[in-house]
Amino acid sequence: MQDTTTNPEKILDTLDPKEHIIIKRARVNNLKNLSVAIPRNKLVVITGLSGSGKSSLAFDTLFAEGQRMYVESLSSYARQFLGRMEKPEVDYIRGVSPAIAIEQKVNTRNPRSTVGTTTEIYDYLKLLYARIGVTYSPISGQRVSKNSVSDVVKYINSHEQGVKVMVSCPLKLHKERSMEQELNILLSKGYTRVLNNGEVAFIEDLLENLAQLGKKPELEILIDRAVINPDDEDTQFRLADSVQTAYFEGIGDCYVYIVDKGKKEFSDRFEADGMRFHEPNVNFFSFNNPYGACRTCEGFGKVLGIDPDLVIPDKSLSVYEGAVAPWRSETMKKWVEPLLKNGIRFDFPIHRPYNELTEQEKELLWTGNDYFKGLHKFFKHLESKTHKIQYRVLLSRYRGRTTCPDCRGTRLRKDASYVKINERSITDLVLMPITRVIEFFDGLKLSEHDQAIARRLLKEINNRLSYIDRVGLGYLTLNRMTATLSGGEFQRIKLATSLGSALVGSMYILDEPSIGLHPRDTKKLVGVLKSLRDMGNTVIVVEHEEEVMRAADQIIDIGPDAGIYGGKLVFQGNLSDLNGSDSYTAKYLLGKEQIYVPTQRRSWKDYIKISGAIENNLKNIEVKFPLEALTVITGVSGSGKSTLVKKILYPAVGKILGTVSEATGKFDKMEGDYEKITQIEFVDQNPIGKSSRSNPVTYVKAYDAIRQLFSDQPLARQRGYKPSHFSFNVEGGRCETCQGEGVVKIEMQFMADIFLTCESCKGKRFKQEILDIEYEGKNIADVLALTVEESLEFFADKNPILNKLQPLFDVGLGYIGLGQSSNSLSGGEAQRVKLASFLGKNSRDSRDHILFIFDEPTTGLHFHDITKLLYSIQALVDQGHSVIIIEHNMEVIKSADWIIDLGPEGGEGGGKVCFAGVPEDMAKLKDNYTAEFLREKL
């Protein structure tokens, strides 16, 4: 490949668009007239510092053009918007294939969306169970079936030719008719005989001697008498007709008498053990359809009920010490007093911590007995008083989302679990980890008939399941809500779906697919990306992971720095050509620069200890989290890291501080020095702020000082402008057309909404009279357009503003715009803005002790930026706070004071503590995935 950095313009004109995607002079965001040729049907990695312009090239230029070209092929209704769908700022792009962008953002908050529905596996499972599923009675376990007309005829034909047969059905009396009326109706229908206790009798004779029949005679209508002859077509038609008539007259029952063999009963009702069952169909297994959804939770899998964790937040307290939160107040104390007085009578240990009580004793606390009323009665009492506001407030304090008891969280109606294939129901499958579902289908034994029906469905199911396993997500269940996946997991789910649908000739653009992957699983991911390429697709990956870069057919390095100093093509070629490059990427890949290992580890004495953790796949583990130290939680994907930290530690500490209301995972007790913590902060990758108006400058609280500064300008004072006039969140100075957003949303109905620059304010967000106010030659819109780095220079003499903005620069975000919408920040950038907001509060009370939890803060970071991030995180610990990081990046792991490694595998094979100690000791371990990669770094 020629090095297009020499004289790209001339080389581009000579290339064939069938073999290359040619971009000429791209100027999107910070790109500086960048020209590049990307080879088609290859695996290409775009790398560079955070903010150098990688996403601008991959998503805002390439993908935007691919999407625009697709829309141009649509109907005239769609094209009426196209004049307004902006083209990327570029001279030309040639050779673009249909583009599919797979980003990190979990862009679905739909509570009905699951891993199974997102990957389409669940759609195929529904079809499979509807077609070949067998219903079993929950009472006796016998197979539920009904007899079709052909089943009955088949039974008749199984006897010898020439044998006499009778077809009959029970005579069912109508409640408003007498026996005489019923027999007369039969005569009018053309029937002449009935069976009375197995004997043939004429209806006319019976009508004459009705008295002989007794009070409750059991009569059968004789439908037909015939001689068995399987070869005679007329006889076969006649028998089928008679059986059909018997089912109609007998309301689902048909009797067949074979001479010398007696009577056999048949039914066309789907029933067994006196229970009526529904016949399986596709909607029967659909929780998004009222027919198939669980009646209790309406297909959500969760119900709003009393959350036991909110009722008893601190399980280390005894009932005497006030373990039951709602019974602590003066007015509600009367509920607990009878238990404290009379506990001795029924041997209830009021002084024993709640987590040491037996299951029966815990149950007794809820149900109560003759001496005291339990928690169930207490909450029923509150519900009866909801006409008073204080009771409604009290109830809401202890309400939470709990798993639906009827469907076990699978969202399906209860009787869907009676339908099975190889002794497994669809609810069993969706609750299993995908690795076990794969084992189930591998060992599936079907009859020839079922095999023929299921062949195509099984191919699609197995195909998709194997791709999910290959991208390292075998530990997930199909029932897992999509909204609860991390950015990296969601992206790999989409990747597996794309592979499953086997598209060819497309351009896939992926945003850091290695996020959340342990180095062991990154190799699998590389294999998957190569399969996507080998199917005949161009795979373009924005990535910082060394393993992925080394596997690429070509590396494109954008730089040299971030923001206004980036946007140029620094290098293009394969790994072996890197020697001649002076970029940051080349320096780190070639080992010329590295992140240094700390010379000494912090020692610690205070800690929080969690015992008996059994949530999800955790195997009853005990873990100590050091305080005033940097702790890193490691382990392969799905080993239980997030469960331990997000579902147990964070809510358990947060509930004691009264700041977290999420449900806590199952564990026995929490001990240690948790009283020292004054605040707990979970710094994840969710967007900053709730609206698109939220941006970095407002989040770090620097905008208040900037608005004050503008309202102090002479012209602003003269016009009577307050600081609120310079806010885009309230009416006054903002543009009312776009309500201070700068863009207007156009709803496209059939595709993604389009955001266009507001025509009134031209994207400036404010009215013209507000823009007349200037400070140092810049109005408020100009200030919001500055990058963090530029603003540090601009406000050099304004300490209140400077102190708030400096931390953004320190965490490596010097390139982002002050007024950049939170929607446009990546997960990693949003996380670092949150980190900066905490660093900005440095002047806080020295008695504060915050426990920070970071979920993969290296997301979207180049090696060079990780150095800055580590510096900032170490600064938090030096201020006397505690930091816990869930991370796979070896640079962060080697910088830890303490490592807790979970595993050894993901899913059911994980959930154990494999190691707890300092990095140097971990590197000595044999047979440990993390240690294997850590040794290379120390």
Below 4.5 Å, heavy atoms only, C-beta onward: do Glu543 and Ser514 meet side chain to side chain? yes
In terms of heavy-atom contacts, Gln554 and Pro39 come closest through OE1-CD, 3.2 Å
Spatial distance of atom OH (Tyr122) from atom CD1 (Ile426) [nearest 0.5 Å]: 4.0 Å
Indicate yes or no: does Arg832 engage Glu829 in a salt bridge with an N to O separation below 4.0 Å. no
Report the C-alpha separation of Val437 and Ile121 in whole Å, then their side-chain angles, then the decisive distance to 0.1 Å, and conclude whether the side chain to side chain contact (heavy atoms under 4.5 Å, CB included) test is met. CA-CA 11 Å; Val437 180; Ile121 292 171; over 6 Å; no
Straight-line distance of Phe863 CZ to Thr858 OG1, nearest 0.5 Å: 11.0 Å
Donor-acceptor pair, distance only, cut-off 3.5 Å: does the side chain of Ser113 make one with the backbone of Thr482? no
Should Glu905 and Arg520 count as an ion pair when the cut-off is N to O under 4.0 Å? yes
Is it the case that Arg112 places NZ or CZ above or below the six-membered ring of Phe300, under 6.0 angstrom from the centre and within 45 degrees of the axis? yes
Could you check whether any side-chain N or O of Ser50 sits under 3.5 Å from a backbone N or O of Gly860, counting only pairs where one atom can act as donor and the other as acceptor? yes
Considering only heavy atoms from C-beta outward, does the side chain of Lys302 approach that of Thr403 to under 4.5 Å? yes
Before you tell me yes or no, could you show the steps for Tyr475 and Asn617 under side chain to side chain contact (heavy atoms under 4.5 Å, CB included), namely the whole-Å CA-CA distance, both residues' side-chain angles and the distance that decides it to 0.1 Å? CA-CA 9 Å; Tyr475 58 88; Asn617 65 337; over 6 Å; no
Polar contact flag, side-chain donor to acceptor under 3.5 angstrom, Asn479-Thr477: no
In the structure I gave you, are the side-chain heavy atoms of Leu429 and Tyr129 within less than 4.5 Å of one another anywhere? yes
In this structure, which one of Leu525, Leu510, Val528, Thr497 forms a side chain to side chain contact (heavy atoms under 4.5 Å, CB included) with Arg492? Leu525
What do the steps show when you test Leu902 against Val913 for side chain to side chain contact (heavy atoms under 4.5 Å, CB included), and what is the final call? CA-CA 5 Å; Leu902 299 185; Val913 178; 3.9 Å; yes
Between the side chain of Thr859 and the main-chain N/O of Glu856, is any donor-acceptor distance below 3.5 Å? yes
Measure the shortest side-chain to side-chain distance between Ile100 and Asn537 over non-hydrogen atoms and say whether it is less than 4.5 angstrom. no
Side chain to side chain contact (heavy atoms under 4.5 Å, CB included) partner of Ile873, the single match among Val811, Ile885, Val683: Ile885
Is the backbone N or O of Ala58 less than 3.5 Å from a side-chain atom of Thr61, with the two atoms forming a donor-acceptor pair by type? no
Please find the pair of heavy atoms, one from Ala613 and one from Leu618, that lie closest to each other, and give the distance. O-CB, 3.4 Å
Heavy-atom check, side chain of Ile893 versus side chain of Pro919, under 4.5 Å: no
Is a side-chain N or O of Asn928 found less than 3.5 angstrom from the main chain of Met922, in a donor-acceptor match? no
Minimum-distance pair of heavy atoms, taken over all atoms of Pro857 and Ile886: CD-O, 4.2 Å
Under a 4.0 Å N-O cut-off, is there an ion pair linking Asp511 with Lys54? no
Could you give the distance from NZ (Lys868) to CD1 (Ile595), rounded to the nearest 0.5 Å? 12.0 Å
Decide salt bridge (charged side-chain N to carboxylate O under 4.0 Å, His left out) for Arg436 and Glu439; before the verdict, give the C-alpha distance in whole Å, the side-chain angles of both, and the deciding distance to 0.1 Å. CA-CA 5 Å; Arg436 291 221 356 245; Glu439 284 168 22; 5.1 Å; no
Side-chain (Gln831) to main-chain (Phe854) donor-acceptor, under 3.5 angstrom: no
Name the orientation class of the two ring planes belonging to Phe63 and Phe59 (parallel below 30°, tilted from 30 to 60°, perpendicular beyond 60°). perpendicular
Say you draw a straight line from CD of Glu936 to NZ of Lys894; how long is it, rounded to the nearest 0.5 Å? 11.5 Å
Quick check on Asp442: does its CG atom have over 12 non-hydrogen neighbours (other residues, nucleotides or ligands) under 6.0 Å away? yes
Tell me whether Asp469 is salt-bridged to Lys524, with the criterion being a basic N under 4.0 Å from an acidic carboxylate O. no
Under 4.5 Å between any side-chain heavy atoms of Ile132 and Leu457, yes or no? no
Main-chain N/O of Asp684 paired with Lys834 side-chain donor or acceptor, under 3.5 Å: yes
Specify the closest pair of heavy atoms between Gly472 and Ser637, including all atoms of both residues, with the distance to one decimal. O-CB, 4.1 Å
For Glu908, is there any backbone N or O sitting under 3.5 Å from a side-chain donor or acceptor partner on Lys619? yes
Derivation of the salt bridge (charged side-chain N to carboxylate O under 4.0 Å, His left out) call for Asp428 and Arg408: CA-CA 10 Å; Asp428 293 335; Arg408 295 185 292 160; 3.6 Å; yes
What heavy-atom pair brings Ala454 and Leu128 nearest, and what distance separates the two atoms? CB-CD1, 3.5 Å
Between CG of Leu446 and CD1 of Ile421, what distance do you get to the nearest 0.5 Å? 7.0 Å
Between Arg40 and Gly95 (side chain of the first, backbone of the second, donor and acceptor by atom type, cut-off under 3.5 Å), is there such a pair? yes
Where Gly505 and Ser97 come nearest, the two heavy atoms and their spacing: O-CB, 3.4 Å
Over 60° means perpendicular and under 30° means parallel, so tell me whether His544 and His862 are parallel, tilted or perpendicular. perpendicular
Quiz question: by atom type and distance under 3.5 Å, do the side chains of Thr114 and Arg411 form a donor-acceptor pair? no
Determine whether the side chains of Asp557 and Thr47 contain a donor N or O and an acceptor N or O closer than 3.5 Å. no
Are any of the side-chain heavy atoms of Arg533 and Asp553 separated by less than 4.5 Å? yes
Go through the steps to decide whether Tyr588 and Glu546 satisfy the test side chain to side chain contact (heavy atoms under 4.5 Å, CB included), and finish with yes or no. CA-CA 9 Å; Tyr588 280 96; Glu546 196 173 325; over 6 Å; no
Arg550 atom CZ, neighbour heavy-atom count above 12 within 6.0 Å: yes
Answer yes when Glu891 and Lys937 have at least one side-chain N-carboxylate O distance shorter than 4.0 Å, and no when they do not. yes
Nearest 0.5 Å, please: how far is OH in Tyr124 from CD1 in Ile461? 9.0 Å
Do Ile633 and Val623 come close enough that some side-chain heavy atom pair is under 4.5 Å? no
Just by modelled atom types, is the Val115 backbone N or O under 3.5 Å from a matching donor or acceptor in the Thr119 side chain? yes
